[in-house]
Q: 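Below is the structure I would like to discuss, written out as structure tokens.
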Amino acid sequence: MAARALVEGRQWRSLVPAVLWERPRRLQHQREPGRSDQPIQMENPYKEPPKRCVLCGINVDYKNVQLLSQFVSPYTGCIYGRHITGLCNKKQKEISKAIKRAHVLGFMPVMFKNPAFLTDPKICNIKYPE
Amino acid sequence: KPETAAVLKRTVEALMERGAVVRNLENLGEKSLPYKISKHKERHRRGGYFLIDLEGPPSIVSAMMDHLGRDVDVIRRAFVKHPVSKTEECSGIIPVNHEDKLMGKK
């Protein structure tokens with residue numbers, strides 16, 4: 001090591017690969033024997049929990065007309081699409097099936113929304129032209 | 001009111017005749033129908049909703065639909081599967097990578 005220190009530092013680094021070049025003992029950091037320097041493989045610890053839709057965990061029934069009417073247009077009575085309701089696949093399918101069943105069995109009106117449920121809180125992000 | 005009781009009695013007896021076990025009978029109330037229904041040459045505006053919980057062989061279904069169709073007091077009839085509530089496993093919206101899906105299925 002003394003011999004290397006005599007020659008200019010830059011010349012030596014160009015010839016010798018960095019792996020073989022020894023760091024002076026006072027600059028070497030403490031390392032436990034048997035542990036490598038490589039990063040430890042682990043799952044992303046900052047992962048967010050998957051986003052839940054509005055109905056995640058709520059049972060959808062063809063009998064509660066109030067819930068079903070929230071996903072129906074008040075003017076035409078047509079069922080809102082997935083891009084408006086923001087529901088996941090399963091729940092959108094369940095809702096639309098329940099609405100159609102309620103139509104047939106005479107629980108929910110078809111061409112309009114039940115006037116009693118017009119003042120319900122808005123779930124779907126729909127904008128009506130003024 | 002005695003008429004509705006008579007209708008229910010008739011239907012339940014017919015069900016038991018064909019070998020169904022009636023578990024529960026719920027009254028969902030008497031409301032005005034969402035739209036006027038014309039049945040048996042009459043236009044109906046108000047109706048009573050009833051839900052009968054029953055267990056039985058599937059061969060009953062067509063026979064009972066016939067029987068209820070002939071009943072003048074029954075406006076609309078339907079058989080619905082008993083809902084098995086299974087919403088505890090909803091895991092939320094899993095983001096789907098549409099690009100991968102499109103390119104991978106070649």
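Just so we're on the same page: letters track the sequence lines, and every chain starts at 1.
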Q: Would you say that more than 12 heavy atoms from the other residues, nucleotides or ligands in this model lie under 6.0 Å from the NZ of Lys51(A), or not?
A: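 At most 12 heavy atoms, drawn from other residues, nucleotides or ligands, come within 6.0 Å of this atom.
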Q: Above 12 or not: heavy atoms from other molecules or residues under 6.0 Å from CG of Leu118(A)?
A: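 Yes, because the 6.0 Å sphere around CG of Leu118(A) holds more than 12 heavy atoms from other groups.
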Q: Indicate the atoms forming the closest heavy-atom contact of Pro34(B) with Gly106(A), along with that distance.
A: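 So the two residues come closest at CD-O, 3.2 Å.
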Q: Can you hop from Phe50(B) to Tyr62(A) via hydrophobic side chains spaced under 4.5 Å?
A: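 No, Phe50(B) does not connect to Tyr62(A) through the hydrophobic network.
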Q: Quick one: what part of Leu51(B) sits under 4.5 Å from any heavy atom of chain A, side chain, backbone, both or neither?
A: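 Contact with chain A is through the side chain of Leu51(B) alone.
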Q: Answer with side chain, backbone, both or neither: which region of Phe112(A) has an atom nearer than 4.5 Å to a non-hydrogen atom of chain B?
A: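 When you check distances to chain B, only side chain atoms of Phe112(A) fall under 4.5 Å.
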Q: Could you tell me which portion of Ile37(B) (side chain, backbone, both or neither) has an atom closer than 4.5 angstrom to a non-hydrogen atom of chain A?
A: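 Neither the backbone nor the side chain of Ile37(B) comes within 4.5 Å of chain A.
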Q: Using a 6.0 Å cut-off, check whether atom NZ of Lys31(B) has over 12 heavy atoms from anything other than its own residue.
A: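 Counting neighbours around NZ of Lys31(B), more than 12 heavy atoms of other residues, nucleotides or ligands fall under 6.0 Å, so yes.
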Q: Could you tell me which non-hydrogen atom of Leu105(A) sits nearest to which non-hydrogen atom of Tyr49(B), and how far apart they are?
A: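 Between these two residues, the closest heavy atoms are O-CE2, 4.3 Å.
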Q: On a heavy-atom basis, which atom in Val104(A) and which in Tyr35(B) lie closest, and how many Å separate them?
A: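 Shortest heavy-atom separation between Val104(A) and Tyr35(B) comes out as O-OH, 3.7 Å.
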Q: Could you grab the distance from atom CD1 of Ile93(B) to atom SG of Cys56(A), nearest 0.5 Å is fine?
A: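 If we round to the nearest 0.5 Å, Ile93(B):CD1 and Cys56(A):SG are 7.0 Å apart.
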Q: Which heavy atom of His103(A) sits nearest to which heavy atom of Arg76(B), and what is that distance?
A: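 Smallest interatomic distance, heavy atoms only, reads O-NH1, 4.4 Å.
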Q: Heavy-atom count around Met65(B) CE within 6.0 Å, excluding the residue itself: above 12?
A: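 Yes - once you tally the heavy atoms of other residues, nucleotides and ligands closer than 6.0 Å, there are more than 12.
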Q: Are Ile126(A) and Ile123(A) in one and the same hydrophobic cluster, where Ile, Leu, Val, Met, Phe, Trp and Tyr link if side-chain heavy atoms are under 4.5 Å apart?
A: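 Each belongs to a different hydrophobic cluster.
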